[in-house]
Amino acid sequence: MRSFISDKCRDIKPSGIRKFFDVVNDMPDAISLGVGEPDFDTPWFIRDEGIYSLEKGRTFYTSNAGLKELREEIAAYLNRRLGLDYDPIHQILVTVGGSEGIDVALRAMLNPGDEVLIPEPCYVSYLPCTQLADGKAVPLPLKEENEFRLTAEQLEAAITPKTKILVMPFPNNPTGAIMTREDLEPVAEVVKKYDLFVISDEIYSELTYTDAHVSIASLPGMQERTLVINGFSKAYAMTGWRLGYAAGPEDLIGEMTKIHQFAIMCAPTTSQYAAVQAMKNGDGEVAKMRESYNQRRRFVVHTLREMGMHCFEPLGAFYVFPSIQPYGMSSEEFAGRLLEEEKVAVVPGNAFGDSGEGFIRISYAYSLRDLKKALERVRNFVERLERQSHD
Amino acid sequence: MKEKILAVIEKNSRIDLKELAILLGEEEADVANAIAEMEQENIICGYHTLINWDNTSEEKVSALIEVRVTPQRGMGFDHIAERIYQYPEVHAVYLMSGAYDFTVILEGKSMRDVAQFVSEKLSTLDSVLSTATHFVLKKYKDHGTILTKKANSDERMLITP
């Protein structure tokens with residue numbers, strides 16, 4: 001029988017995380033610091049609204065772009081939290097998680113050969129989604145000495161006549177890096193100078209620990225050339241509800257809605273009703289969760305530094321990204337041995353792009369008790385490595 | 001800083017000072033001083049343990065008693081409350097708005113114990129007009145903590161992007 005798989009799909013590399021996932025799953029007694037989702041349950045008033053919508057029999061499709069009421073709440077939220085101004089009817093699309101928004105946006109925008117600049121290390125989907133949309137992914141390796149921020153110089157150096165889109169993944173998974181207004185301004189100037197478009201993945205926008213998140217779309221002249229991707233997963237601990245949204249220029253949202261309509265029809269109705277509550281009454285719960293993450297962030301950074309690991313201070317998301325370069329092995333080797341010898345699972349940094357090599361991602365979306373236990377084992381491991389290197 | 005300290009130790013009073021200081025990003029000495037001050041000011045009134053007695057072999061009975069009183073001349077509610085809360089078996093006393101005046105929460109060894117307290121000690125106070133005793137059958141949640149749930153198991157996948 002001939003192969004029915006497309007060459008394009010076959011050429012997509014499976015996620016580096018997947019490989020590690022299989023290893024960890026064979027170790028039932030491993031402690032994981034490897035998840036990319038909150039440890040909180042979705043706040044009860046949100047779950048309750050989902051249950052209520054089922055009780056009321058709201059089990060039908062919604063309009064393709066999402067419940068009007070939800071889009072209105074999203075518009076109000078984006079205005080309240082980020083100072084952005086969107087027309088809920090024409091400029092907002094409710095998607096199945098932020099990841100659908102990324103995929104649909106790239107498909108709606110790319111012609112074959114168009115280049116997409118992707119700062120790395122980053123979330124795993126930008127690159128394959130670009131390839132599937134016939135674009136050319138161009139990684140921008142971010143440097144730890146810049147605290148994994150994108151600089152205007154680095155951006156400008158990577159631009160070619162084919163460059164069309166810049167992905168802005170901040171606050172960043174896996175590094176925990178953020179971009180402040182001062183960091184964003186020069187980048188925005190370059191974007192305007194070369195007439196680029198920005199896909200700004202702001203899924204962690206509620207989880208910044210020093211200053212409130214600034215959306216690049218809020219800078220002068222940027223809203224018309226930015227698509228904001230966001231969602232409910234991280235801020236409201238709603239990963240399993242699969243609900244996100246995209247906000248951007250009317251023509252782009254219109255084209256994205258076309259793809260979304262054929263591929264998905266509409267985002268889950270139950271989730272949409274629950275999300276209306278999240279937007280209306282969720283700010284307090286979000287603040288509580290943010291404070292709790294922040295405490296754990298301080299604890300993990302402190303503990304890693306105390307054991308001599310080099311670790312820049314992450315100011316967003318819920319990850320720390322310590323360097324393992326002094327131990328003279330690759331990220332995968334480090335993560336593999338840590339798992340084997342101490343039964344602690346972390347994600348090797350190269351799973352998030354080549355420039356993540358030399359680092360590991362540690363998630364602190366765990367209870368303090370679990371973090372303590374796991375970090376104690378990490379301490380045993382690195383102390384043993386140091387002793388061995390002195391022998 | 002004080003509010004943040006309270007928020008943490010309200011849920012975990014056993015946390016050690018050094019760790020608390022790390023979580024809050026403060027100096028250990030500052031945290032220690034703030035706690036000492038709050039103890040002085042009677043903001044922090046004690047460090048208790050939340051025990052689910054239902055899971056022990058100990059027999060305990062809790063009751064919630066609605067108490068209606070007539071305040072006597074020169075003796076406001078505070079004075080009557082004091083007469084009530086001095087008894088060691090009284091767990092909590094609250095002044096209420098609405099149909100009755102005090103909620104008294106009582107812990108005794110048996111229903112008889114509680115009945116005896118109500119009939120002999122509480123009802124006989126001059127200012128007490130009437131009482132209504134409700135026995136607690138089961139405690140589901142106390143002090144913001146769900147008592148009936150087993151320790152949380154993490155059902156998330158071990159590794160996700």
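All values reported here derive from a predicted model rather than from experimental measurement.
Around atom CG of B/D126, no more than 12 heavy atoms belonging to other residues, nucleotides or ligands sit under 6.0 Å away. Applying the 6.0 Å contact sphere to OH of B/Y94 captures no more than 12 heavy atoms from other residues, nucleotides or ligands. Annotation: B/Q86, atom CD; neighbour count of heavy atoms from other residues, nucleotides and ligands within 6.0 Å is above 12. Heavy atoms from other residues, nucleotides or ligands lying under 6.0 Å from CE of A/M27 number more than 12. Remark: B/R68 CZ is loosely packed, at most 12 non-hydrogen atoms of other residues, nucleotides or ligands lying under 6.0 Å away. The local environment of NZ in B/K2 is crowded, with over 12 non-hydrogen atoms from other residues, nucleotides or ligands closer than 6.0 Å. For A/R337, the CZ atom counts as densely surrounded, since its 6.0 Å shell holds more than 12 non-hydrogen atoms of other residues, nucleotides or ligands. No more than 12 heavy atoms of other residues, nucleotides or ligands shown are found within 6.0 angstrom of CG on B/D78.
Between A/I31 atom CD1 and B/D154 atom CG the span is 11.5 Å, to the nearest 0.5 Å. The distance from atom CZ of A/R296 to atom CG of B/L23, rounded to the nearest 0.5 Å, is 10.0 Å.
Looking at A/K372, only its side chain comes within 4.5 Å of chain B, counting heavy atoms on both sides. For chain B, the nearby parts of A/V24 are the backbone and the side chain; heavy atoms of each come within less than 4.5 Å. Looking at A/L368, the atoms closer than 4.5 Å to chain B (heavy atoms on both sides) all sit in the side chain, from C-beta outward. Contact annotation for A/D370: neither backbone nor side-chain heavy atoms come within less than 4.5 Å of a heavy atom of chain B. Contacts of A/Y319 with chain B are made by side-chain atoms alone, with heavy-atom separations under 4.5 Å and no backbone atom involved. Of the atoms belonging to A/R297, not a single heavy atom falls under 4.5 Å from chain B.
In terms of heavy-atom pairs under 4.5 Å with chain B, the best-connected choice from A/G34, A/A30, A/S32 is A/G34.
Residues from residues 8-20 of chain B that place a non-hydrogen atom less than 4.5 Å from a non-hydrogen atom of chain A comprise B/V8, B/K18, B/E19, given in numerical order.
Heavy atoms only, all atoms of each residue included: B/P161 and A/Y123 are closest at CB-CE1, 3.9 Å. Of all heavy-atom pairs between A/V346 and B/I159, the closest is O-CD1, 4.4 Å. Across B/L158 and A/Y366, no two heavy atoms sit closer than the pair O-OH, 4.3 Å.
Within the 3.5 Å criterion, the main-chain N or O of A/V35 finds no donor-acceptor partner in the side chain of B/R156.
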